[in-house]
Enquirer: 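A single structure is presented below for examination.
Residue numbers begin at 1 in each chain, while the letters A, B, ... track the order of the sequences.
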Number of protein chains: 2
Amino acid sequence: MVGGEEAFQAYLGRRGLKKTRQRDAIVREFVKARRHITAEDLHRTVARRHPAIGLVTVYRTLRLLEGAGLAKERRFGKTESCYEPVLGVGHHDHLICTACGGIFEFENVEIEGLQDRVASQHGFLIQDHKLEMYGICRECRKRGERRRR
Amino acid sequence: MVGGEEAFQAYLGRRGLKKTRQRDAIVREFVKARRHITAEDLHRTVARRHPAIGLVTVYRTLRLLEGAGLAKERRFGKTESCYEPVLGVGHHDHLICTACGGIFEFENVEIEGLQDRVASQHGFLIQDHKLEMYGICRECRKRGERRRR
DNA sequence: AGATATATTGAAAACGACTTTCACCTTCAC
DNA sequence: GTGAAGGTGAAAGTCGTTTTCAATATATCT
């Protein structure tokens, strides 16, 4: 999402939508995050400098970013969604620790290749995919696999 | 989930829980489904023969089944969860058509192997994983990729 | 700049899936 | 059978997210 802010404004213009201070502030913080973040967390961050901006507007802006192809919604646990900036290239997937809740990212070209093959074997035209692996991370294994919650 | 009903009753016994008519009916229909199903759909099915059984009890029973390792919760869209019977062996993943909403299952041992390798490279002890691919299925491509919703 | 049309805002209410509460009802070990 | 421990359905409550609505900001036209 290099130059994400300009891309976002172009998107707004194209759709006859307006550039506002709130959207600017939200998009700026979202880009700074550089990692998946929940709407609530993003709101907290934005509200430090702009206390008047509501959570509702954060949700709306995230949906706009998604529409612009600049953010992607993810759902790891059973509860809230996370949003992550769409960086120029390179898809990544996630390793999620069920003990500490930590989320680790990785990329693997071979897996991607196999996925494409499976998809075309089934006659699918692939648009997106996600791979999530759940387990115990190195740290938690050392610590003795204590469970959270 | 061959012999799922017996396994479930064993689980109940082990935990000091009781076998009830409602649970029997719900588990029986769940096993018959043999495929992912939402709580709501399962309830609808069960209610045909047992109109008094509430959706609440279906949710509770599904959580029990999950605890017993006989069902697995999945979340494809952004809305409801699906539950699928855990069959004895063989993990499968999903191809989801964004046009018609259809869900197709597949298995691929090579991908599984690569996943395990990635996990161990990161020091992870894998417990579970899920792979979902989104795209347009063969039928919808023929039909001209109309969008649902 | 001022007027005008249209989009945007925050607060509160609504939403949908799911969970909890509660008073009554089963189940099962004795 | 009896009684303690669980289970039940209905209604109320949660939680994350979306919608509604009256007030306000932005872009465009003059």
Enquirer: Out of A:Val56, A:Leu55, A:Thr61, which residue meets the side-chain contact (heavy atoms from CB on, under 4.5 Å) rule with A:Tyr59?
Expert: A:Leu55

Enquirer: Please list every donor-acceptor pair under 3.5 Å in which a side-chain atom of residues 20-29 of chain B meets a protein atom from a residue at least two apart or in another chain.
Expert:
unit_1, atom_1, unit_2, atom_2, d
B:Thr20, OG1, B:Arg23, N, 3.1
B:Arg23, NH1, B:Lys18, O, 2.7
B:Asp24, OD2, B:Lys19, NZ, 3.0

Enquirer: In whole angstrom, what separates A:Arg15's CZ from C:dT8's C1'?
Expert: 15 Å

Enquirer: Is B:Glu110 paired with A:Arg117 through a side-chain N to carboxylate O contact shorter than 4.0 Å?
Expert: yes

Enquirer: Given 3.5 Å as the limit, does a donor-acceptor pair link the side chain of A:Ser120 with the main chain of A:Gly123, or not?
Expert: no

Enquirer: Would you please test A:Arg74 and A:Glu84 for salt bridge (Lys or Arg N to Asp or Glu O under 4.0 Å) and show each step?
Expert: CA-CA 8 Å; A:Arg74 293 253 169 203; A:Glu84 61 183 31; 3.6 Å; yes

Enquirer: Any chance you could lay out the side chain to side chain donor-acceptor pair (under 3.5 Å) test for A:His92 and A:Glu107, step after step, and finish with the verdict?
Expert: CA-CA 5 Å; A:His92 65 267; A:Glu107 273 181 63; 5.9 Å; no

Enquirer: Would you kindly give the CG-to-P distance between A:Asp41 and D:dT17, to the nearest whole Å?
Expert: 11 Å

Enquirer: If a protein heavy atom is under 4.0 Å from the base, mark B; if only from the sugar-phosphate, S; if neither, -; do that for nucleotides 11-24 of chain C going 5' to 3'.
Expert: B-----SSBBB---

Enquirer: Could you tell me if A:Tyr134 and A:Glu132 have a donor-acceptor pair between their side chains, going purely by distance under 3.5 Å?
Expert: yes

Enquirer: Any chance the rings of B:His94 and B:Phe76 have centres within less than 6.0 Å?
Expert: yes

Enquirer: Within the 4.0 Å limit for protein heavy atoms, which parts of nucleotides 25-30 of chain D are touched? Write it as a string from 5' to 3', B for base, S for sugar-phosphate only, - for none.
Expert: SBS---

Enquirer: In whole Å, I'd like the distance from the OH atom of B:Tyr11 to the P atom of D:dG7.
Expert: 11 Å

Enquirer: Starting at CZ of B:Arg23 and ending at C1' of C:dC25, how long is that distance when rounded to a whole Å?
Expert: 14 Å

Enquirer: Without decimals, in angstroms, what is the distance between B:Leu64 CG and D:dG6 C1'?
Expert: 11 Å

